Amino acid sequence: QVQLVESGGGLVQPGGSLRLSCVASGSIFSIRTMGWYRQAPGKQRELVAHITTGGSTNYADSVKGRFTISRDNAKNTVYLQMNSLKPEDTAVYLCNADLVEFGSVSYRSYWGQGTQVTVSS
């Protein structure tokens, strides 16, 4: 079984910072892309940022220059450093990983349960 567990969410004032972490565990042979998505009430889930095994990154325009994604391949962990947070960043942040399990031949997409980020004064 594969699990993705996020941590680091919470309540922060506008202009503040948070760091999210997501650890993938279980019968994992290889992880390809890892990423963060977010979903606000009444809105569609959207990509925030993703990072390849080699470290190539992609960001949503709304977070460029404020958020930084990184990963530790040895620990199967992806991070999201969020600075200069705005009220519109309020959402549930979900971790995603494309990975292949031991005994499998194809990559599948896995999701964490999400962590709430609330930006409010």
Side-chain angles (χ1 to χ4, degrees):
Q1 301 287 356
V2 172
Q3 274 192 316
L4 273 64
V5 179
E6 303 100 334
S7 61
L11 173 64
V12 63
Q13 292 187 340
S17 298
L18 283 174
R19 188 189 193 215
L20 306 183
S21 300
C22 171
V23 180
S25 62
S27 181
I28 299 170
F29 176 72
S30 176
I31 301 177
R32 192 164 52 189
T33 301
M34 300 187 80
W36 290 95
Y37 289 71
R38 67 186 180 187
Q39 188 162 19
K43 294 188 177 181
Q44 287 190 327
R45 185 174 297 183
E46 63 174 356
L47 172 70
V48 176
H50 66 74
I51 184 168
T52 66
T53 306
S56 296
T57 59
N58 185 47
Y59 294 92
D61 288 343
S62 59
V63 308
K64 283 180 181 176
R66 300 188 297 122
F67 292 9
T68 303
I69 189 170
S70 61
R71 65 188 280 180
D72 184 332
N73 293 328
K75 297 181 179 179
N76 290 341
T77 300
V78 63
Y79 306 96
L80 186 69
Q81 177 66 44
M82 305 186 294
N83 299 328
S84 303
L85 282 160
K86 305 175 181 180
E88 50 263 43
D89 294 318
T90 296
V92 174
Y93 284 69
L94 302 109
C95 176
N96 173 265
D98 287 333
L99 59 89
V100 59
E101 294 185 63
F102 281 105
S104 179
V105 296
S106 59
Y107 282 88
R108 284 182 53 197
S109 184
Y110 290 82
W111 292 89
Q113 292 198 335
T115 184
Q116 177 70 45
V117 171
T118 303
V119 185
S120 175
S121 55

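Since this is a predicted model, take the numbers as computed values, not measurements.
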With side chains defined as the heavy atoms from C-beta onward, is the minimum distance between [X] and [Y] less than 4.5 Å?
X	Y	result
F67	S84	no
P14	P87	yes
L4	E6	no
C95	V78	yes
L99	V2	yes

Q | K75 backbone acceptor or donor facing T77 side chain under 3.5 Å | A | yes
Q. Is there a donor-acceptor contact under 3.5 Å from the side chain of T115 to the main chain of G9?
A. yes
Q | Residue pair W36, C22: steps toward the side chain to side chain contact (heavy atoms under 4.5 Å, CB included) verdict | A | CA-CA 9 Å; W36 290 95; C22 171; 3.7 Å; yes
Q.
Tell me whether the rings of F102 and F29 are parallel (<30°), tilted (30 to 60°) or perpendicular (>60°).
A. perpendicular
Nearest heavy-atom pair of [X] and [Y]: which atoms, and what distance?
X	Y	value
L85	L18	CD1-N, 3.9 Å
A49	Y59	CB-CD2, 3.5 Å
G114	V92	CA-CG1, 3.8 Å

Q: Check whether V117 and L94 end up in the same hydrophobic cluster, where Ile, Leu, Val, Met, Phe, Trp and Tyr are linked by side-chain heavy atoms less than 4.5 Å apart.
A: no
(Q) Please tell me whether M34 and I28 are part of a single hydrophobic cluster in this structure, the criterion being side-chain heavy atoms less than 4.5 Å apart. (A) yes
Q: Taking the six-membered ring of Y79 (Phe, Tyr or Trp), confirm whether the NZ or CZ of R71 is under 6.0 Å from its centre and within 45° of its axis.
A: no
Spacing of [X] atom [atom1] and [Y] atom [atom2] [to the nearest 0.5 Å]:
X	Y	atom1	atom2	value
M82	L20	CE	CG	4.0 Å
T53	R32	OG1	CZ	8.5 Å
R45	R38	CZ	CZ	13.5 Å
E101	S106	CD	OG	9.5 Å

Q. Yes or no on side chain to side chain contact (heavy atoms under 4.5 Å, CB included) for I51 and S56, after CA distance, side-chain angles and deciding distance?
A. CA-CA 5 Å; I51 184 168; S56 296; over 6 Å; no
Can you confirm whether more than 12 heavy atoms, excluding those of [X], are under 6.0 Å from its [atom1] atom?
X	atom1	value
Q44	CD	no
Q81	CD	yes
Q116	CD	yes

Q.
Please tell me whether N76 and S25 have a donor and an acceptor in their side chains that are separated by less than 3.5 angstrom.
A. no
Q. Looking only at side chains, do N83 and S17 share a donor and an acceptor under 3.5 Å apart?
A. yes
Q: May I have the step-by-step check of side chain to side chain contact (heavy atoms under 4.5 Å, CB included) for N96 and Y110, ending in yes or no?
A: CA-CA 6 Å; N96 173 265; Y110 290 82; 5.9 Å; no
Q: Show your working on side chain to side chain donor-acceptor pair (under 3.5 Å) between Y107 and S30 and close with a plain yes or no.
A: CA-CA 9 Å; Y107 282 88; S30 176; 3.2 Å; yes
(Q) Using the ring centroid of each side chain, check whether Y37 and W111 are separated by less than 6.0 Å. (A) yes
**Q.** SB check D89 K86 (cutoff 4.0 Å)
**A.** no
